[in-house]
Amino acid sequence: MTSSQTQRTVLVVDDHPPLRTLCRVNLEAADFRVLEATDGDEALALVRADRPDVILLDIMMPRVSGWEVAAALLADHSADRIPIIFITARTGVTDRIRAFELGAQGYVMKPFDPAGLAATVTKVLDQIDRGERDANLAETLAVLKAEREAGSKTLRHA
């Protein structure tokens, strides 16, 4: 089954209400069902109550960070395969590596084009439907680690 055959549910987790609204409006326009959580605790409760197909997750939130949410989901066998796409202002390669090591399937850096959000979510869901989840994750991690290594070589030679 492809993502276009049935309505998929996206959980948007961000402590900034205008960003959640922006995500919701654009995702609903693409026929996604959208749930919203204002923080990590609420996100974990919503995952237990209404298992989403994908999670858009901010990293920097009060109380429970996106890192902690991702780690909790990874440790929960009933939720460890829900794809996570981080949406964050954290742009460093170390943060991106950490995200993908936690199993993220995508990483969107703020500010981003909200019109492209549905395409990003659809791409991730379609890759998973095709069984490409683990291969894409391994490839992304390899690229990011090579980028980190190239950056550290540049710094050593400076």
Side-chain angles (χ1 to χ4, degrees), residues 1-91 95-141 143-144:
M1 181 183 330
T2 65
S3 61
S4 61
Q5 290 175 312
T6 184
Q7 188 178 41
R8 298 282 185 97
T9 300
V10 180
L11 172 58
V12 178
V13 186
D14 197 292
D15 59 324
H16 192 60
L19 185 103
R20 288 195 315 273
T21 299
L22 193 62
C23 291
R24 179 176 39 78
V25 166
N26 282 278
L27 290 166
E28 286 177 347
D31 201 33
F32 285 100
R33 178 176 166 250
V34 179
L35 305 172
E36 295 180 39
T38 61
D39 61 38
D41 288 329
E42 190 177 348
L44 292 170
L46 272 170
V47 167
R48 285 188 293 274
D50 189 344
R51 185 182 161 96
D53 294 293
V54 65
I55 300 169
L56 298 179
L57 181 60
D58 186 23
I59 293 173
M60 297 180 291
M61 294 183 293
R63 293 188 306 278
V64 179
S65 73
W67 298 130
E68 294 167 302
V69 171
L73 293 173
L74 190 60
D76 179 350
H77 292 299
S78 69
D80 64 349
R81 298 300 284 177
I82 299 172
I84 295 171
I85 301 170
F86 282 101
I87 297 182
T88 181
R90 299 182 71 111
T91 60
D95 289 316
R96 289 181 283 150
I97 289 171
R98 182 176 181 188
F100 287 99
E101 286 178 341
L102 284 168
Q105 294 296 303
Y107 198 92
V108 176
M109 292 183 265
K110 296 176 184 174
F112 61 93
D113 178 6
L117 194 56
T120 299
V121 170
T122 298
K123 177 183 173 189
V124 165
L125 290 170
D126 286 348
Q127 288 171 337
I128 291 169
D129 288 346
R130 290 191 307 266
E132 299 170 0
R133 176 189 189 121
D134 295 332
N136 287 336
L137 181 58
E139 181 181 332
T140 301
L141 272 170
V143 167
L144 288 170

K.L.:
Can you check whether A72's main-chain N or O pairs, donor with acceptor, with D76's side chain at less than 3.5 Å?
P.N.:
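Flag not set: sc D76 to bb A72 has no pair under 3.5 Å.
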
K.L.:
Quick one: pull up OG1 in T21 and NE2 in H16 and give me the separation to the nearest 0.5 Å.
P.N.:
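Answer rounded to 0.5 Å: 9.0 Å.
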
K.L.:
Looking at V69 and G40, what are the two nearest heavy atoms and their distance?
P.N.:
CG2-CA, 3.3 Å

K.L.:
Walk me through whether D39 and E42 qualify under side-chain contact (heavy atoms from CB on, under 4.5 Å).
P.N.:
CA-CA 5 Å; D39 61 38; E42 190 177 348; 3.4 Å; yes

K.L.:
Specify the closest pair of heavy atoms between L137 and A104, including all atoms of both residues, with the distance to one decimal.
P.N.:
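Taking L137 first and A104 second, the nearest heavy atoms are CD1-O, 3.3 Å.
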
K.L.:
For the backbone of W67 and the side chain of R98, can you confirm whether one donor and one acceptor N or O come within less than 3.5 Å of each other?
P.N.:
no

K.L.:
Measure the CG-CD1 distance between L35 and I55 for me, rounded to the nearest 0.5 Å.
P.N.:
10.0 Å

K.L.:
Quick one: closest heavy-atom pair of P83 and V124, and the distance?
P.N.:
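For P83 and V124, the tightest heavy-atom pair comes out as CB-CG1, 4.1 Å.
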
K.L.:
Hey, does the side chain of R20 reach the backbone of D14 with a donor-acceptor pair shorter than 3.5 angstrom?
P.N.:
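Yes.
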
K.L.:
Working to the nearest 0.5 angstrom, can you tell me the gap between T88 OG1 and L56 CG?
P.N.:
12.5 Å

K.L.:
Locate the shortest heavy-atom distance separating R96 from Y107; write the atom from each residue and the value.
P.N.:
CG-CE2, 3.2 Å

K.L.:
For residues V47 and P52, determine if any side-chain heavy atom of one lies less than 4.5 Å from a side-chain heavy atom of the other.
P.N.:
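When only atoms from C-beta onward are counted, P52 and V47 do touch, with a gap below 4.5 Å.
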
K.L.:
Going from OG on S78 to CG on L73, what distance comes out if it is rounded to the nearest 0.5 angstrom?
P.N.:
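Nearest 0.5 Å value for the OG-CG distance: 8.5 Å.
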
K.L.:
Under the side-chain hydrogen bond (donor to acceptor under 3.5 Å, both in side chains) definition, can you give me all pairs with a residue in residues 46-61, not counting sequence neighbours?
P.N.:
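For residues 46-61: R33-D50, D58-K110.
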
K.L.:
Kindly determine whether F112 and L19 satisfy side-chain contact (heavy atoms from CB on, under 4.5 Å), including the steps that lead there.
P.N.:
CA-CA 10 Å; F112 61 93; L19 185 103; 3.8 Å; yes

K.L.:
Is there a side-chain contact between V34 and C23 in this structure, where contact means two heavy atoms from C-beta onward sitting under 4.5 Å apart?
P.N.:
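V34 does not reach C23 side chain to side chain.
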
K.L.:
Could you check whether any side-chain heavy atom of T122 comes within less than 4.5 Å of a side-chain heavy atom of F32, counting everything from C-beta outward?
P.N.:
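They are in contact (side-chain heavy atoms under 4.5 Å apart), so the answer is yes.
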
K.L.:
Could you tell me which non-hydrogen atom of A99 sits nearest to which non-hydrogen atom of F86, and how far apart they are?
P.N.:
CB-CD1, 3.4 Å

K.L.:
Ignoring hydrogens, what is the shortest heavy-atom contact between L11 and A43? Give both atom names and the distance.
P.N.:
CD2-O, 3.9 Å

K.L.:
Mind checking the CG-CG spacing from D80 to L102? Nearest 0.5 Å is all I need.
P.N.:
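If we round to the nearest 0.5 Å, D80:CG and L102:CG are 12.5 Å apart.
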
K.L.:
Mind checking the OG1-CG spacing from T120 to L125? Nearest 0.5 Å is all I need.
P.N.:
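Rounded to the nearest 0.5 Å, the OG1-CG separation comes out at 11.0 Å.
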
K.L.:
Heavy atoms, side chains only, cut-off 4.5 Å: are L117 and I87 in contact?
P.N.:
yes

